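By convention in this document, chain letters (A, B, ...) are assigned in the order of the sequence lines, proteins followed by strands, and residues within each chain are numbered from 1. A quick note: this is a predicted structure, and the numbers were derived from the prediction, not measured.
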Amino acid sequence: GTAGVSNTNSSGTGNGASGSGGTSGQYTVGFAVSTTNNPFFVAMENGVQQEGQAKGVKVIVDNGNNDPSTQMNQVQDLIQQKVNVILLNPVSSQSLSSAVKAANQANIPVITLDRSVDSGKVACYIASNSVDAGKMAAQQLIKALNGKGQVVELQGVMGTSAERDREKGFDQEISTAPGIQVVARQSANFDRSTALNVMQNILQAHPHIQGVFAQNDEMALGALKAIQQSGKSGISLVGIDGEQEAVLDVQSGLMYADIAQQPTQEGKLGVDYALDAIKGKSIPTRVNSPLQLVTKGSTFKGF
Amino acid sequence: MERFGAVIRRYHLGPLIGLVILLFVLSVLSHQFFTFGNLRNVALQTSVNALLAVGMTFVILTAGIDLSVGSSLALSSAISAGLMASHLNVWLSALVGIAVGAACGLLNGVFVAYARLAPFIVTLGTMTLYRGLTEIYTNGNPIFNLPNGFSNFGSGSVLSIPIPVILAALVFILGWITLHRSTYGRRIYAIGGNERVAYLAGVPVKKYLVSVYVISGVLASIAGLVLTSRLSSAEPTAGTGYELDAITAVVLGGTSLFGGEGAILGTLVGALILGVISNGLNLLNVNSFYQDAIKGLIILAAIMLDRKKANSR
Amino acid sequence: MERFGAVIRRYHLGPLIGLVILLFVLSVLSHQFFTFGNLRNVALQTSVNALLAVGMTFVILTAGIDLSVGSSLALSSAISAGLMASHLNVWLSALVGIAVGAACGLLNGVFVAYARLAPFIVTLGTMTLYRGLTEIYTNGNPIFNLPNGFSNFGSGSVLSIPIPVILAALVFILGWITLHRSTYGRRIYAIGGNERVAYLAGVPVKKYLVSVYVISGVLASIAGLVLTSRLSSAEPTAGTGYELDAITAVVLGGTSLFGGEGAILGTLVGALILGVISNGLNLLNVNSFYQDAIKGLIILAAIMLDRKKANSR
Amino acid sequence: MSVLKMTDIHKSFSGVSVLRGVHLTVQSGEVVGLLGENGAGKSTLMKILTGEYRADSGEITLDGQSVSLDSIHRAKQLGFGMIHQELNLFQNLSIAENFLIGNEHHFNHSGFVNYRQLNERVKQILQLVNLQRTPTELLSSLGVGEQQLVEIGKSLLQKVRFLAMDEPTSALSQAETERLFQIIQSLCEQGVGVIYISHRLDELFHITHRVTVLRDGKFIATKPVQETNEEELVSLMVGRSIEDRYPTVHVNPGPIVMKTVGLQTAFVKNVDLTVCAGEIVGLGGLMGSGRTEVARALTGVDRVTSGHLQYMGNPIQLRSPQEAIRAGIAYVTEDRKELGLVLPFSLRANVSLPTLPARTRFGLVQRDVERDFARDVVEMLHIKVHDIEDPVESLSGGNQQKVVLAKWLAQKPSLFVLDEPTRGVDVGAKQEIYQLMNELKQQGKAILLISSDLPELLAMSDRVYVMHEGHLQGELPKQLVTEEAVMRLATGGSM
Ligand SMILES: Nc1ncnc2c1ncn2[C@@H]1O[C@H](COP(=O)(O)OP(=O)(O)OP(=O)(O)O)[C@@H](O)[C@H]1O
Ligand SMILES: Nc1ncnc2c1ncn2[C@@H]1O[C@H](COP(=O)(O)OP(=O)(O)OP(=O)(O)O)[C@@H](O)[C@H]1O
Ligand SMILES: [Mg+2]
Ligand SMILES: [Mg+2]
């Protein structure tokens, strides 16, 4: 599975919204995370847990295993447990709408992280735009290739929103550079070892590619191994997520760029706004956490 | 007394004891667990897997297996939802979905029964095929904007019992009657016990084999309708991995993968054990990193209770 | 001539014919396909699944199944990688990983052989358990920064044949000798053919059952080392779903899930068919939405060729 | 009054000719015996009649009308039934349900099983065949003999006009056999034509009107039973005459090889018996009396709950068959299909299974030694097999039985426990097996012979123990062994 698109800008360190710690001992926040099969969401969960501890809030975490109906069930369980706020990182925007409606009926505020839902009342949506992430990646590739050459796109799990949106943004932007040709689009399921194999095969079919866009860092890291093992050089690789390993590879020049998000911060922000919501403070309905571009020389840390 | 012992053996009450212990432990650990609202949730959350598991029981009793249920579910519900979204009558769309499920099962059954291919590999192939067709049909996008009336079916209740639960209960009762009381059911057991002997006794083995896969496909499509209606959308990735849950429920319920042995009540218990584990781990707020380990241990513990049965594998 | 027919029957050359057709079609469709470099890639990409499938063949021949291989792979490679990352000697770390794989298999085997529980459900339980332990051990994060020497093992080659391929080939040869030439192998077939007859003929059935799960666990850990070394990192999610690929390779190769029938060469062919399909679809740059459907159709077509064999299920 | 005629039937399996111009005629109300060596083609001929196999050529007529038997269903419609040599039963179902499958229309109540009616009817039939079991018991809890009674009972449920019985008595003892004859008689009175296959010659004279003899897939002769005798039938069947059907040799018994003291298992109690070197000790009793269970206790299969075994003068504990085999005890099981053979394995692999460790070098099987042994036993026991690499499931029943016996010969054990070793074996081969037993006896081996074939038990044993309901009822020395004495003990009487 993979990240949706969230981005955290530098201001998103939880300063804006925190209730003062210690006053909230009895509050419970339910966090329904789409999956913990991916470092991105593990980091998000860590953020939620850390901030919960810091603010003295009890946190209940449910892992949806990327299955909408499992997550729907978990939201129901959270409602059943009468949590004060639900932090929802939905598996699917469409499918979790009914879960949000159920929470609305039970008068439990819902804050969505990284992805939102299509209908139902959401108190606050903390994320960035997946389409933008795709666009930024395309811009980096265009820059790296000086506007001409062959590129390939490694797709995530077909049918997931992250896959669709990143592809959409990438396609829109890449088409602005007529000199660039997307010679292959293949799915590697957001998975590192699959990406290694798929990239090997693509290199076989298209030995002259100059750029690779991987829809997440796991695939970028797999593709990097394939490129390294093929002995080819001069292929620019761009990923999305801001995973520590990928960020390090960008800084050492192995990858061209990474479009980073800060899931830890996003999780922290979620808890902070949750406390505000409990206390009846007004909170913004949309918190935009901009994407962080990581290129060689940047000092960004990653998660 | 003798009859009682026979009943335990015959209907595999081992897993039931496991379920009861699990319920007891969870009631002690969480005061929210044994409330009407929560048990209702457990039942609701189990309903989709339970529907699939009934069909899987039929298939496994013939020593077959159906790995394609999750994909059949996705394909049939995508098509139903697509028709609904384009304003076809809800009932008619649902019927078309069920017909698609039946067709998925029919193809499996024909390969297994008439081409005499191993069910595992046939349904593995169709699992991939039906998933691919779903992706092509939906272009990878979820189908939403379904009529409200349809959504109510999955989220409504009668006498505060959710409609999917009632549906699953009906299917279980029907399944029980069919397997344990009808001549059809006895013949299914006979085929699973010894296909060749059944054939020699004049059972039209091929038709029966086809029929169990059709039943499985139809129930997968019904499960798909429940799921689509609960989520108000049909996802191209819906049902991924559900085959494993359904098979687990069946096997946990004491049915042998080698066919001919087992009972549908066991399947119900197996499905409930799985549902209760997930619900309980959530209620107790077990760290998600520990959940898998604990779930694995509970499954192992549950089958240990069924040891005697398993002996006669 | 007569002997030749027997060889075809005995070693299930049906799938091999399927593989040859597939190779032919792909060579026509893509001029890159039948090049040394690409075939080398296919072999390399097949090596992990091939290693798992050898162990799975042993298990399935006893009428068992091992769903836990993917998780055993993840657990053992996480522990090896963890030790390497903390600067333990590479060889020693690798050995510890293999020991962990053996322990995973031992637990499975003891449950199956001594507690007489159904292998499906035992290994389903341990699949979840071992995955959970991996998550706990890694805290959900990949382990990287492995020593360079170790990475070379997965990406290096001898006479331009990749080391993982050589390793898999060695394991296949060993597996073939063991299954088809050794007393041990003969007894494995006997257990799968009729466990009670084997027992009455003096085969220590329980020990043998344990041993096949240990073999499977050890090969899973070796596959894990290959994977970790190729990726220069150990992922907590590594190996997810690999059990299905391994089982598919075995069954596609003509081995019966009911035990006692099949051959390891079939498994090799089965694994290669899967590897070739993935490679071919990538080379031809088939639209991802169509890949699943095409893959499903190829699997169905491949087994149709093996019809005669499947008859005698 | 109808007549069934099979004329010039030919059949081959993948090029190997099995039936070559066979004729058979049966009239309603008549019992025709079908006789032939193992592998002569008797079962194959009957399977053609029931639509399981299709003849390659030949004609089958019913009352002069040619019929085509192209499906099981068609044969059933015509009223052709069969009691299979290999028990065709569902181990996973109850006794009653075994009657149900294939006869659903009798107990069908708009799609549902009328269990009350079924159990009632099955109860009647069980009484008729003299099986003391309740219809709801699981079939798998029955011994082989009892299962054979179920198989017989099943045929009574169908309205058949012609019934083929393929060795129905091979696992039955005297009492059940007589019961079966009464049943056959009443079937005949109802106008059913019966084809009766058996390797127990005396039975043919008891029950049949005419006997048809096959040899090597060819029709040899049909004789009215009054006009022939055992010698003639045997020579028609094997192509030579057999002088001494039960050859015996005298050997002075050596030391005690196996002695049980107060032996008790979950199924038998207080069994005290001895078997000496150079001795054949018989173990008789009715079906279900626990003879097999004694064998299982002596061979490490069943746990001994009290009492103990003495082997070669020393107490011994056998925790598994492996230990028994190592100690030199061989167990020839009665149920060849379930317990004797790995059916998909070749003959070669089957006969070498218990002796594999001895045929291993550097962990590898010495295949040439293995092959030589397989060829030797095929020759020694005249096993009819096309190729030692053929799977044993394609062998005829009697030949399969010989394979079960053969696999223990290489082991050179000191004690042979033979449970119904000649079940389904033809006269000629039986004599060969007896000669083999005699040879073993001369070599100083101890043999415990369990048999339901009374003439065989009486003739071959030096002493006979008789069991009754799980315990030893008595011991008969050679000079006192008579059918009457055995039957008296077997039914709970005293000497
Ligand atoms: N399905 C089969 N495939 C190949 N050969 C077969 C098959 N069935 C029977 N045969 C062969 O046909 C021959 C006749 O077998 P059949 O079972 O009819 O003998 P039978 O007269 O019944 O012997 P028995 O007295 O041992 O039961 C045997 O040599 C046997 O090996
Ligand atoms: N596994 C078992 N479970 C329960 N009862 C059993 C089992 N095996 C045998 N029995 C019972 O033990 C008794 C003796 O068994 P069995 O019929 O094999 O004896 P036998 O004297 O060898 O007779 P046979 O002539 O059938 O060989 C029977 O009543 C049988 O049903
Ligand atoms: Mg026969
Ligand atoms: Mg017996």
Side-chain angles (χ1 to χ4, degrees), chain B residues 63 65 67-68 71 107 111 115-122 124-136 138-140 195 236 241 244 247-248 251-252 254 256-259 287-304 306-313, chain C residues 63 65 67-68 71 107 111 115-122 124-140 195 236 241 244 247-248 251-252 254 256-258 287-304 306-313:
Chain B
I65 198 146
L67 299 178
S68 75
S71 300
L107 186 65
F111 269 112
R116 315 263 346 119
L117 298 168
F120 182 92
I121 194 82
V122 166
L124 183 102
T126 57
M127 166 171 96
T128 318
L129 174 64
Y130 300 157
R131 177 69 60 195
L133 294 179
T134 312
E135 284 164 2
I136 296 171
T138 61
N139 228 322
E195 197 179 306
L244 203 60
I247 298 169
T248 305
V251 179
L252 208 50
S256 159
L257 285 170
F258 295 86
N287 181 320
S288 57
F289 286 136
Y290 286 83
Q291 289 203 2
D292 273 343
I294 292 172
K295 190 175 166 190
L297 287 175
I298 295 177
I299 291 176
L300 290 175
I303 40 164
M304 288 300 285
D306 201 28
R307 266 190 65 168
K308 223 184 95 221
K309 181 72 232 64
N311 255 325
S312 67
R313 86 143 196 220
Chain C
I65 198 147
L67 300 178
S68 75
S71 299
L107 187 65
F111 269 112
R116 312 260 353 116
L117 298 169
F120 181 91
I121 194 84
V122 165
L124 182 103
T126 58
M127 165 171 96
T128 318
L129 174 64
Y130 301 157
R131 180 67 61 193
L133 295 177
T134 312
E135 284 163 1
I136 295 172
Y137 180 80
T138 60
N139 232 322
E195 196 178 308
L244 204 60
I247 298 169
T248 304
V251 179
L252 206 51
S256 158
L257 284 170
F258 295 87
N287 182 321
S288 305
F289 285 128
Y290 288 84
Q291 291 203 359
D292 273 342
I294 293 172
K295 190 175 166 190
L297 287 174
I298 295 178
I299 290 176
L300 289 175
I303 40 165
M304 287 300 286
D306 200 27
R307 265 190 67 169
K308 222 186 96 219
K309 181 71 230 68
N311 256 325
S312 69
R313 86 142 194 222

Among B:Ile299, B:Leu244, B:Leu129, residue most engaged with chain C (heavy-atom pairs, under 4.5 Å):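 Of the options given, most contacts go to B:Leu129.
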In terms of heavy-atom pairs under 4.5 Å with chain C, which of B:Leu297, B:Asn139, B:Thr126, B:Thr134 leads?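 Counting heavy-atom pairs under 4.5 Å, the top option is B:Asn139.
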For the residue pair B:Met127 and B:Ser71, what are the closest heavy atoms and their distance?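 Taking B:Met127 first and B:Ser71 second, the nearest heavy atoms are O-OG, 2.7 Å.
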Shortest non-hydrogen contact from B:Phe258 toward C:Ala63: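 Closest approach of B:Phe258 to C:Ala63: CZ-O, 3.3 Å.
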Do any N or O atoms from the side chain of B:Thr128 and from the backbone of C:Gly296 form a donor-acceptor pair under 3.5 angstrom?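 Judged by distance alone, no pair lies under 3.5 Å.
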Could you have a look at C:Leu133, C:Val122, C:Ile65 and say which one has the most heavy-atom pairs with chain B under 4.5 angstrom?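 Of the candidates given, the most pairs with chain B belong to C:Val122.
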Under 4.5 Å from any heavy atom of chain B - which part of C:Leu124: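 The side chain, not the backbone.
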Please classify the contact between C:Thr138 and chain B as side chain, backbone, both or neither, with a heavy-atom cut-off of under 4.5 Å.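 Answer is neither: C:Thr138 stays 4.5 Å or more from chain B.
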Measuring only between side-chain heavy atoms, which start at C-beta, is B:Ile247 closer than 4.5 Å to B:Leu67?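 Yes, their side chains come closer than 4.5 Å.
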Tell me, side chain or backbone of B:Phe111 under 4.5 Å from chain C's heavy atoms, or both, or neither?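 Contact with chain C involves the side chain of B:Phe111 alone.
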Lys/Arg N to Asp/Glu carboxylate O, B:Glu135 vs C:Lys295, below 4.0 Å: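 C:Lys295 and B:Glu135: not salt-bridged.
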